[in-house]
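We're numbering straight along the sequence, starting at 1. Just so it is clear, the model here is predicted, and its values are computed rather than measured.
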Amino acid sequence: MSQFRLSERERLVLAVLIDHFIRTAEPVGSRTIATRYNLGVSPATVRNTLADLEEQGLIEQPHTSAGRVPTDSGYRLYIDKLLTTRKLSRADQQKIKRELSIDYNAIEEILEQTSRVLARFSSQLGVTVSPKFERSILKKVDLIPVTDTRLLLVITVKSGMVRTLLLEVDSVIAPDVLQETAAVLNEKLGGLSLGKIRRTIGERLRDTGRGNPQLLKLFCENQEGLLDDADDAGLHTDGTTNIVTQREFQDPRKLREFISLIEERKSLIRLLSKESVSEGIQVTIGAEAQLDAMEGCAAVTRSYTVGPIRGTVGIIGPTRMEYARLMPVVDYTARVLSEILSR
């Protein structure tokens, strides 16, 4: 936002306007700012300042007779330059840690609980995305008979995540052959990242001389679905009712768009995952998300770590959200989650 050169008065008026709009969801007029916030200037002076801010594209007037509201550019400057975040209270820290520090059988369970915690603390949509599978290290492959012609292929990685796939075979495969085939897969692929396996699997499984050739061929043919990051099962959301009751979503069209974003999932995963490569809190506002359904919305996200790999936690809601309070909630939750998963 270096293109904006604001005077001290413009910075103050913009911050006051956004703070007021976040609390009330009502367009803000010059008289409101001048009389309620004791800025020491007249409504006429505030009105002129608002006109300057509007000319720079930081605020806009939804109706000719209404006050002003922030634009995406206004929110971006506010978050980057004007916002002072609040410190999360010790009581809230303890509550978040207590609600996450429960015994879980799988990483997906704690991620699901994390989305619930974020939704409750933020009154927005809580979201979590599993660590990127690409960099996960293969720990074990299992082949489990389900019926005479169906097998369950189970891939376990060192972070604790598991993926499964049902394989159809032409005939019954003896248990000792299944064990030998699984042993071949573990011997050739164990300890490698899933991304490396996907790139080199044909070469690694060529001419093994052991195991069932049909099963090895099926593994190669199905590896993309097992090893890539396109699977939307790693997305967890909670708090949809928090969103649909807010004023911004009283427009049925806007509500339908947002619900479709949650249900479609893959676009939401792409939005959240691309932020996970950065350190610290990331705020994506409106058009920055490059998704029509995110118009008028924002995402506050932070990456968490499981060993060498990263996932994402965060909240999504209207751009009119209380960033000063919610950014520390997301930040602390991500750090606690990283601690828990590293044990």
**Prompt:** Quick one: do the Thr305 and Arg310 side chains pair a donor with an acceptor below 3.5 Å?
**Reply:** no
**Asked** Of Thr333, Val329, Val300, which meets side-chain contact (heavy atoms from CB on, under 4.5 Å) against Ile315?
**Response** Val300
**Message:** Just to verify, which of Arg116, Arg120, Gln94 counts as forming a side-chain hydrogen bond (donor to acceptor under 3.5 Å, both in side chains) with Glu99?
**Reply:** Arg120
**Message:** Has Ser122 got a side-chain atom pairing as donor or acceptor with Leu326's backbone, closer than 3.5 angstrom?
**Reply:** no
**Asked** Donor-acceptor pair, Lys95 side chain versus Phe121 backbone, under 3.5 Å?
**Response** no
**Request:** Mark yes or no for whether Gln113, through its side chain, and Glu109, through its backbone, hold a donor-acceptor pair below 3.5 Å.
**Result:** no
**Message:** Under a 4.0 Å threshold between the charged nitrogen and the carboxylate oxygen, would Arg204 count as salt-bridged to Glu187?
**Reply:** no
**Message:** With a 4.0 Å cut-off on N to O distance, would you call Arg68 and Glu60 a salt bridge?
**Reply:** no
**Request:** Assess whether salt bridge (charged side-chain N to carboxylate O under 4.0 Å, His left out) is satisfied between Glu322 and Arg86, documenting all intermediate values.
**Result:** CA-CA 10 Å; Glu322 199 176 357; Arg86 303 177 195 169; 2.6 Å; yes
**Prompt:** Is Arg23 atom CZ crowded by more than 12 heavy atoms from other residues, nucleotides or ligands, each under 6.0 Å away?
**Reply:** yes
**Request:** Could you tell me whether the side chain of Thr245 and the main chain of Thr241 form a donor-acceptor pair under 3.5 Å?
**Result:** yes
**Item:** Under 3.5 Å: donor-acceptor pair, side chain of Thr71, backbone of Leu58
**Value:** yes
**Message:** Count I, L, V, M, F, W, Y as connected when their side-chain heavy atoms are under 4.5 Å apart, and connections chain through other members. Are Val244 and Leu268 then in the same cluster?
**Reply:** yes
**Message:** Distance alone, cut at 3.5 Å: any donor-acceptor contact between the side chains of Asp19 and Tyr78?
**Reply:** yes
**Request:** Scan side-chain atoms only and decide if Thr32 and Arg36 contain a donor-acceptor pair under the 3.5 Å cut-off.
**Result:** no
**Message:** For Asn212, is there any backbone N or O sitting under 3.5 Å from a side-chain donor or acceptor partner on Thr181?
**Reply:** yes
**Message:** Checking side-chain polar atoms at under 3.5 Å, does Ser260 have a donor or acceptor matched by the opposite partner on Glu257?
**Reply:** no
**Item:** Leu166 side, atom CG; Thr147 side, atom OG1 - distance, nearest 0.5 Å
**Value:** 8.5 Å
**Asked** Within a radius of less than 6.0 Å around CG of Asp292, do more than 12 heavy atoms belonging to other residues, nucleotides or ligands occur?
**Response** no
**Asked** Would a distance-only check, ignoring hydrogens and angles, find a side-chain to backbone donor-acceptor pair under 3.5 Å from Asp148 to Val172?
**Response** no
**Asked** Backbone N or O of Leu111 within a donor-acceptor pair of the Thr128 side chain at under 3.5 Å?
**Response** yes
**Message:** Can you give me the closest heavy-atom contact between Thr24 and Arg247, atom names plus distance?
**Reply:** O-NH1, 4.0 Å
**Request:** Could you tell me whether Lys254 and Glu248 have a side-chain N and a carboxylate O separated by less than 4.0 Å?
**Result:** no
**Prompt:** Does Gln93 use its side chain to pair, donor to acceptor, with the backbone of Leu88 at less than 3.5 Å?
**Reply:** yes
**Message:** For a side chain to side chain contact (heavy atoms under 4.5 Å, CB included) check, start with the C-alpha distance between Leu153 and Leu218, then their side-chain angles and the critical distance, and finish with the verdict.
**Reply:** CA-CA 10 Å; Leu153 173 62; Leu218 279 174; over 6 Å; no
**Item:** Asp238 (side chain) donor-acceptor with Leu118 (main chain) under 3.5 angstrom
**Value:** no
**Prompt:** Any side-chain donor-acceptor pair under 3.5 Å between Ser73 and Arg76?
**Reply:** no
**Item:** Lys139 and Val157, any side-chain heavy atoms less than 4.5 Å apart
**Value:** no
**Request:** Could you please spell out the steps behind the salt bridge (charged side-chain N to carboxylate O under 4.0 Å, His left out) verdict for Asp92 and Arg90?
**Result:** CA-CA 5 Å; Asp92 283 343; Arg90 183 171 295 277; over 6 Å; no
**Item:** Listed once per pair and sorted, the ring pair (Phe, Tyr, Trp, His ring centres under 6.0 Å) pairs that draw on residues 313-343, sequence neighbours left out
**Value:** none
